[in-house]
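This structure is a prediction, so every number in the text was calculated from the model and none was measured. As a basis for the values below, the full set of heavy atoms in this structure was taken, side chains included, without hydrogen atoms, waters or symmetry mates.
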Amino acid sequence: MSQFLDIVGPAYVQNNLGAGTFTEFGAFKAVGHDGGAALPGTAELTGTLAATGTFSLGGSVTFTGGTVNVYSGAVLDFASTTGIYGANNGALVGSFTILPGGGGPIDTAGVPNGFITANLQATFLAPGYFLAPDGVTNLSSLGLVLGFSTTNASFTSNPSQTVQDEIGCEGLLLLAPGCNPPNTPPTSLFLGANGQFRVAIPEPSSLMLLGGGLLLVGLLGLGRKKA
């Protein structure tokens, strides 16, 4: 049975050094499952991440909240200017709240150092997309689902103009493309991330399949969180 989705995507983080808090926006795409196996079907599975948290330079980051939305789109336009980075213009198939906690280490420059984890709780799961191990039962009928994601992020020194406009300007800053967001750690920085996303139902061995022609067990993008 498939156990996790492989995901990649960019993120932008702004840090308040005085308060020790951060805000982040990221976009992600599922590029395979279980370590590289191709996803079935022709739909594109994408998502967005908006998160907040706390950090200490040379220490660690911790999430305080946020939202992850997952979309299934018929057009393969991730990394484009459609919607926001082509990540939020499909059919919404799942929404998750980022629970307090998780996180991981960062260096003194505020750059992620190793894996970052986030615990999620489903607030919406579209019927026909997230299925129990029997391949029939919709997880949406079983109550909220706890999710877990882990991703490895690194500083991107020269993000493309599309990433700057779509992720930095429209995504986090909610400004028009061309705002030229600063990329100067540790106060603000662009990240590139890859990792995995898992979803578990409230039962012992839980990892599910994402239906609708897409097979998965979860999916968070990841942007990844950073201080």
Work out which heavy atom in [X] is nearest to a heavy atom in [Y]; give both atom names and the distance.
X      : Y      : result
Gln164 : Phe190 : CA-CZ, 3.7 Å
Ala43  : Ser72  : CB-OG, 3.6 Å
Val70  : Phe28  : CG2-CZ, 4.3 Å
Pro10  : Ile167 : CG-CG1, 3.8 Å
Thr123 : Phe96  : OG1-N, 4.1 Å
Pro181 : Leu173 : CB-CD1, 4.0 Å

[X] side chain vs [Y] backbone, donor-acceptor pair below 3.5 Å:
X      : Y      : result
Thr156 : Gly192 : yes
Thr151 : Ala193 : no
Thr48  : Ala27  : no
Asp107 : Val111 : yes
Asn15  : Leu17  : no

Q) Hey, which of Asp77, Thr82, Thr46 is the one that makes side-chain hydrogen bond (donor to acceptor under 3.5 Å, both in side chains) with Asn89? A)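 Considering Asp77, Thr82, Thr46, a side-chain hydrogen bond (donor to acceptor under 3.5 Å, both in side chains) with Asn89 is found only for Asp77.
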
Do [X] and [Y] make a side-chain contact, defined as non-hydrogen atoms from C-beta onward lying under 4.5 Å apart?
X      : Y      : answer
Asn194 : Asp6   : no
Thr97  : Leu120 : no
Phe155 : Pro185 : yes
Ile98  : Thr67  : no
Thr23  : Leu172 : yes
Thr81  : Glu166 : yes
Ser60  : Phe55  : no
Thr184 : Leu189 : no

Q: Look at the rings of Tyr85 and Phe78 and say which category their plane angle falls in: under 30° parallel, 30 to 60° tilted, over 60° perpendicular.
A: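 Plane angle over 60°, so perpendicular.
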
Q. Measuring from Ile116:CD1 to Phe63:CZ, what's the distance to the nearest 0.5 Å?
A.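 Ile116 CD1 to Phe63 CZ: 7.0 Å, rounded to 0.5 Å.
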
Q | Evaluation steps, side-chain contact (heavy atoms from CB on, under 4.5 Å), between Val31 and Ile7 | A | CA-CA 6 Å; Val31 295; Ile7 54 94; over 6 Å; no

(Q) Could you go through Asp165 and Glu170, starting from their C-alpha distance and side-chain angles, then the distance that decides it, and tell me whether this counts as side-chain contact (heavy atoms from CB on, under 4.5 Å)? (A) CA-CA 6 Å; Asp165 289 346; Glu170 288 200 66; 5.7 Å; no

Q) Could you go step by step and tell me if Tyr12 and Leu191 meet the side-chain contact (heavy atoms from CB on, under 4.5 Å) rule? A) CA-CA 6 Å; Tyr12 186 61; Leu191 301 173; over 6 Å; no

Among all residues two or more places apart in sequence or in another chain, which pass the side-chain hydrogen bond (donor to acceptor under 3.5 Å, both in side chains) test with [X]?
X      : result
Ser160 : none
Ser95  : Asn69
Thr137 : Asp134

Q) Do Phe22 and Thr54 pass the side-chain contact (heavy atoms from CB on, under 4.5 Å) test, and can you show the C-alpha distance, the side-chain angles, and the key distance before you say yes or no? A) CA-CA 6 Å; Phe22 72 87; Thr54 60; 5.8 Å; no

